[in-house]
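The chains referred to below are lettered A, B, ... by the order of the sequence lines, with proteins before strands, and numbering in each begins at 1.
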Amino acid sequence: MQKEEIVNRLTPVFRKVFADNSLVITEELSALDVENWDSLSHMLLISEVENEFAIKFKLKDLNKMANVGDMIAIISSKL
Amino acid sequence: MNEYLIRKAIAADIPFLADVVIASEKGMSDRLSFTTLFNKSEEETKKLIIQMFEEEIDGCELSLSSFIVTEFEGKPVSGSGAWIECFHENMQSGILKSNLISYTFGKESIEYLKTKSHIVKDVLIDREPMTLQLEYFHIKDEHLGKGLDAALMERIEQNALAEYPELKKVQCQIFKNSVFSIKILLRHGFKIVGSYKSGNEEIFDYLPYNEKLLMEKILKTD
């Protein structure tokens with residue numbers, strides 16, 4: 001799956017989890033940039049992303065995700 | 001105090017550390033968020049906490065490396081968890097913990113959490129990077145009043161300063177109804193610097209209390 005398609009599918013997920021229809025995701029985006037991206041919403045995000053792409057992240061995958069770019073790369077590797 | 005040995009926790013301590021986590025999380029209540037927010041029994045939760053510790057991730061409250069243990073006659077009688085926030089690979093401890101829970105608890109539990117997350121969000125407190133976060137501190141009842149709390153606090157701070165000599169601050173998040181723990185912290189130089197209260201009465205069904213305090217101790221000023 002192309003990176004652009006992953007971003008297109010991730011965008012509504014992020015907007016839903018963080019309740020922000022104007023949120024634009026970039027590869028550099030991380031928890032530090034989004035006000036209500038906390039430990040609670042992070043679990044919800046992971047679950048929604050796994051549901052969206054029908055994948056299951058390994059723990060080492062999750063801990064490598066410093067930003068959305070890392071997330072996109074890991075999703076891509078699983079598809 | 002001579003009969004007590006304070007040391008770094010090892011893998012064999014993990015089942016005891018799970019008990020420390022459960023006792024500390026409950027505080028002065030019978031509410032354990034790992035059970036109430038994820039729809040698990042306490043027995044299941046203990047097994048999952050053990051699994052999370054066994055992953056040996058560093059830098060959060062479910063890291064084996066964050067804990068020290070006190071031994072008495074060869075058995076652990078206290079456990080304390082503390083880590084320097086964002087020290088390891090610049091990852092927030094909340095994210096590391098969330099990753100552990102997401103991975104270990106399973107889809108159904110996270111789906112259940114989705115229905116409850118709005119109840120608890122008001123008492124979530126961000127952790128300040130490069131501060132020492134004290135999260136779990138539990139001494140078995142029969143070993144209270146022996147000066148262990150002072151010895152443990154000193155060791156926690158010493159260990160942290162050895163790892164990061166520029167450390168300036170220790171923080172602790174604690175429910176307001178944990179009055180005995182709050183008194184201990186005040187006695188050890190902590191001050192209350194913030195309060196986070198939920199107006200949603202439903203929170204009492206899920207968490208020990210509806211208000212969390214942020215307490216802080218300054219180790220050195222600039």
Side-chain angles (χ1 to χ4, degrees), chain A residues 6 9-21 23 25-79, chain B residues 33-34 37-38 48 51-63 85-86 88-129 133 135 173 196 198 203 206-207:
Chain A
I6 295 174
R9 287 175 66 177
L10 274 180
T11 298
V13 172
F14 272 70
R15 288 179 174 177
K16 176 186 165 188
V17 170
F18 300 116
D20 180 0
N21 284 333
L23 185 62
I25 61 169
T26 64
E27 292 199 27
E28 296 75 31
L29 191 77
S30 75
L32 297 170
D33 304 310
V34 181
E35 197 184 324
N36 52 345
W37 188 340
D38 52 36
S39 56
L40 202 56
S41 55
H42 183 78
M43 283 187 272
L44 306 184
L45 177 67
I46 295 302
S47 174
E48 292 286 338
V49 170
E50 287 181 332
N51 286 344
E52 173 63 28
F53 293 97
I55 57 176
K56 169 83 179 142
F57 291 119
K58 294 192 169 93
L59 184 58
K60 62 179 183 179
D61 296 333
L62 293 169
N63 288 345
K64 279 187 199 157
M65 286 184 207
N67 54 37
V68 172
D70 293 334
M71 181 185 276
I72 291 169
I74 289 167
I75 292 169
S76 182
S77 73
K78 290 183 168 302
L79 297 175
Chain B
S33 62
F34 285 117
L37 294 176
F38 297 95
L48 292 168
Q51 264 184 255
M52 291 192 284
F53 273 119
E54 286 173 346
E55 293 291 342
E56 295 200 30
I57 303 297
D58 293 323
C60 72
E61 61 234 70
L62 296 168
S63 302
E85 181 66 14
C86 294
H88 295 273
E89 299 175 45
N90 206 31
M91 268 271 203
Q92 293 166 277
S93 63
I95 301 296
L96 291 169
K97 178 185 172 184
S98 297
N99 288 342
L100 276 167
I101 293 172
S102 294
Y103 179 72
T104 311
F105 273 59
K107 215 164 214 23
E108 266 182 42
S109 288
I110 305 301
E111 291 298 319
Y112 188 82
L113 174 69
K114 283 181 193 174
T115 66
K116 309 293 173 198
S117 60
H118 64 285
I119 299 168
V120 301
K121 61 182 180 58
D122 290 335
V123 295
L124 287 184
I125 308 174
D126 287 339
R127 297 189 189 270
E128 191 177 327
Q133 294 289 320
E135 182 65 19
Q173 299 179 13
Y196 298 76
S198 171
I203 199 171
Y206 297 92
L207 294 182

Novice: Going by side chain to side chain contact (heavy atoms under 4.5 Å, CB included), A:M43 matches just one of B:S117, B:S109, B:S98. Which one?
Specialist: B:S98
Novice: Kindly compute the distance separating CG (B:L96) from NE2 (A:H42), expressed to the nearest 0.5 Å.
Specialist: 8.5 Å
Novice: Residue by residue, scan residues 54-62 of chain B and write down, ordered by number, those that have a heavy-atom distance under 4.5 Å to chain A; if none do, write 'none'.
Specialist: B:E55, B:I57
Novice: Among residues 10-20 of chain A, which residues come closer than 4.5 Å to chain B, judged by heavy atom distances?
Specialist: none
Novice: How far does OG of A:S47 sit from CG of B:L113, to the nearest 0.5 angstrom?
Specialist: 9.0 Å
Novice: Check whether any side-chain heavy atom of B:Q92 sits under 4.5 Å from a side-chain heavy atom of A:D38, and report yes or no.
Specialist: no
Novice: With a 4.5 angstrom heavy-atom cut-off, which part of A:L59 approaches chain B: side chain, backbone, both or neither?
Specialist: both
Novice: At a heavy-atom distance under 4.5 Å, which candidate from A:E48, A:E50, A:K58 has the highest pair count against chain B?
Specialist: A:E48
Novice: Atom CG in B:L100, atom CG in A:L62: separation rounded to 0.5 Å?
Specialist: 9.0 Å
Novice: Taking only residues two or more places apart in sequence, or in another chain, which ones meet A:E52 in a salt bridge (Lys or Arg N to Asp or Glu O under 4.0 Å)?
Specialist: A:R9
Novice: Pick whichever of A:I46, A:L32, A:N36, A:L40 has the most heavy-atom pairs under 4.5 Å with chain B.
Specialist: A:L40
Novice: Using the ring pair (Phe, Tyr, Trp, His ring centres under 6.0 Å) criterion, which residues pair with A:F57? Sequence neighbours excluded.
Specialist: none
Novice: So which part of B:L124 gets closer than 4.5 Å to some heavy atom of chain A, the side chain, the backbone, both or neither?
Specialist: side chain
Novice: Taking atom CD of B:E108 as the centre, report whether more than 12 heavy atoms of other residues, nucleotides or ligands fall under 6.0 Å from it.
Specialist: no
Novice: Tell me, yes or no, whether the heavy-atom count around A:D33 atom CG, taken from other residues, nucleotides or ligands under 6.0 Å, exceeds 12.
Specialist: yes
Novice: Sort A:N51 into side chain, backbone, both or neither according to what part of it lies under 4.5 angstrom from a heavy atom of chain B.
Specialist: both
Novice: Which atom names give the shortest non-hydrogen contact between B:G94 and A:S39, and what distance separates them?
Specialist: O-CB, 3.4 Å
Novice: For B:K107, is it the side chain, the backbone, both, or neither that has a heavy atom closer than 4.5 Å to a heavy atom of chain A?
Specialist: side chain
